[in-house]
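Structure first, commentary second.
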Amino acid sequence: DTIGDSIRYLGLEECEMTSIGVRRIAKALASTGGGGSSVEEINLECNDCGRIGAAALIDSVGTGGLPNLKHIRLDRNMFPSDSMDALATAFGDKLVQMEDNDDEEDVDENLPTEDSADVDELADVLGKTSVQ
């Protein structure tokens, strides 16, 4: 799966994407030749992302993905407080302030821990798309 090596801005705000979709995108961005090297800004605000998606995003930078990232926008998701702390540590000043996060429930409670046939349709399409 690739995202493409010429994308500078990846805007997927208000897509109702769950952590499964975010995980697929994070894996594509972090993979060798996956295109994360050109991405400067990611906007995943106002989705249904929780603990699983946060972990995948953190892994994407931990493996050396997204070396040119300048900003990541994750506000208005459903990250638990420990995931918010981990995101802040992983992304530092690249993480745009999150003021309106809904951490009242574990949105990922009933999601599969690994990718399955029930991945978000948008993430599935994006994971198979490359921009030339």
Side-chain angles (χ1 to χ4, degrees):
D1 293 345
T2 66
I3 295 292
D5 61 4
S6 62
I7 293 177
R8 302 271 184 265
Y9 174 80
L10 182 61
L12 297 169
E13 64 274 15
E14 298 187 46
C15 293
E16 299 181 11
M17 193 173 353
T18 68
S19 285
I20 303 303
V22 171
R23 181 173 57 203
R24 292 283 307 265
I25 290 166
K27 284 181 179 180
L29 288 169
S31 68
T32 303
S37 62
S38 65
V39 175
E40 295 177 357
E41 184 171 353
I42 297 172
N43 187 342
L44 292 169
E45 290 184 327
C46 199
N47 280 293
D48 297 326
C49 187
R51 182 182 314 277
I52 294 170
L57 290 168
I58 292 165
D59 288 347
S60 71
V61 294
T63 58
L66 304 169
N68 292 311
L69 186 68
K70 295 178 182 170
H71 303 288
I72 183 164
R73 299 176 186 282
L74 300 172
D75 200 19
R76 295 179 286 154
N77 275 283
M78 299 179 177
F79 301 115
S81 60
D82 60 332
S83 293
M84 298 235 339
D85 294 342
L87 286 163
T89 299
F91 288 102
D93 62 354
K94 296 174 184 178
L95 179 64
V96 175
Q97 186 173 3
M98 294 190 290
E99 298 175 353
D100 193 18
N101 181 60
D102 180 7
D103 61 354
E104 297 298 316
E105 64 179 276
D106 184 359
V107 69
D108 292 348
E109 182 177 31
N110 296 317
L111 293 178
T113 56
E114 294 298 322
D115 286 339
S116 70
D118 289 337
V119 296
D120 295 348
E121 183 178 334
L122 175 62
D124 191 43
V125 170
L126 285 172
K128 295 176 184 171
T129 303
S130 65
V131 177
Q132 302 298 324

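Heavy atoms only: backbone and side chains are in, while hydrogens, waters and symmetry mates are out.
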**OP:** Determine, using the 4.5 Å side-chain heavy-atom cutoff (strictly less than), whether Leu12 and Val107 are members of one ILVMFWY cluster.
**Re:** no
**OP:** Carefully, step by step, assess Leu44 and Val22 under the rule side chain to side chain contact (heavy atoms under 4.5 Å, CB included).
**Re:** CA-CA 8 Å; Leu44 292 169; Val22 171; 4.2 Å; yes
**OP:** Quick one: pull up CG in Leu74 and SG in Cys46 and give me the separation to the nearest 0.5 Å.
**Re:** 12.5 Å
Original post:
In terms of hydrophobic clustering (I, L, V, M, F, W, Y; side-chain heavy atoms under 4.5 Å; direct or indirect links), are Val61 and Val39 co-clustered?
Top reply: yes
Subject >> Cluster overlap Met84 with Val96, hydrophobic side-chain contacts below 4.5 Å >> reply: no
Subject >> Atom pair NE2 (His71) and CG (Asp93), whose distance is rounded to the nearest 0.5 Å >> reply: 9.0 Å
Original post:
Which atom names give the shortest non-hydrogen contact between Ser60 and Leu66, and what distance separates them?
Top reply: OG-CD1, 3.6 Å
Original post:
Taking the side chain as C-beta and beyond, is there a heavy-atom pair between Arg73 and Glu13 under 4.5 Å?
Top reply: no
Original post:
Under 3.5 Å, is there a donor-acceptor pair between the side chain of Thr18 and the main chain of Asp48?
Top reply: no
Original post:
Between Asn68 (side chain) and Glu40 (backbone), is there a donor-acceptor pair under 3.5 Å?
Top reply: no
Subject >> Asp100, CG: over 12 other non-hydrogen atoms inside 6.0 angstrom >> reply: yes
Subject >> Candidates Ile72, Ile58, Asp82 - the one meeting side chain to side chain contact (heavy atoms under 4.5 Å, CB included) with Leu87 >> reply: Ile58
**OP:** Report yes or no: do Met98 and Phe91 belong to one cluster of Ile/Leu/Val/Met/Phe/Trp/Tyr joined by side chain heavy-atom distances under 4.5 Å?
**Re:** yes
Subject >> Trace of the side chain to side chain contact (heavy atoms under 4.5 Å, CB included) decision for Leu29 with Leu10 >> reply: CA-CA 10 Å; Leu29 288 169; Leu10 182 61; 4.1 Å; yes
Original post:
Between Asn101 and Asp75, is there a donor-acceptor pair closer than 3.5 Å when you use the side chain of the first and the backbone of the second?
Top reply: no
Original post:
So, Ser19 side chain and Gly50 main chain: donor-acceptor pair closer than 3.5 Å or not?
Top reply: yes
**OP:** Check Arg51 against Pro80 and note the closest heavy-atom contact, atom names and distance.
**Re:** NH2-CG, 3.3 Å
Original post:
Taking all atoms of both residues into account, what is the closest heavy-atom pair of Ala26 and Ala56, and its distance?
Top reply: CB-O, 3.6 Å
**OP:** Verify, without hydrogens or angle tests, whether Asn77 (side chain) and Phe79 (backbone) share a donor-acceptor contact under 3.5 angstrom.
**Re:** no
**OP:** Walk me through it: do Ile25 and Ile42 pass the test side chain to side chain contact (heavy atoms under 4.5 Å, CB included)?
**Re:** CA-CA 11 Å; Ile25 290 166; Ile42 297 172; over 6 Å; no
Original post:
If you measure from the Lys or Arg side-chain nitrogens to the Asp or Glu carboxylate oxygens, is any gap between Asp59 and Lys27 under 4.0 Å?
Top reply: no
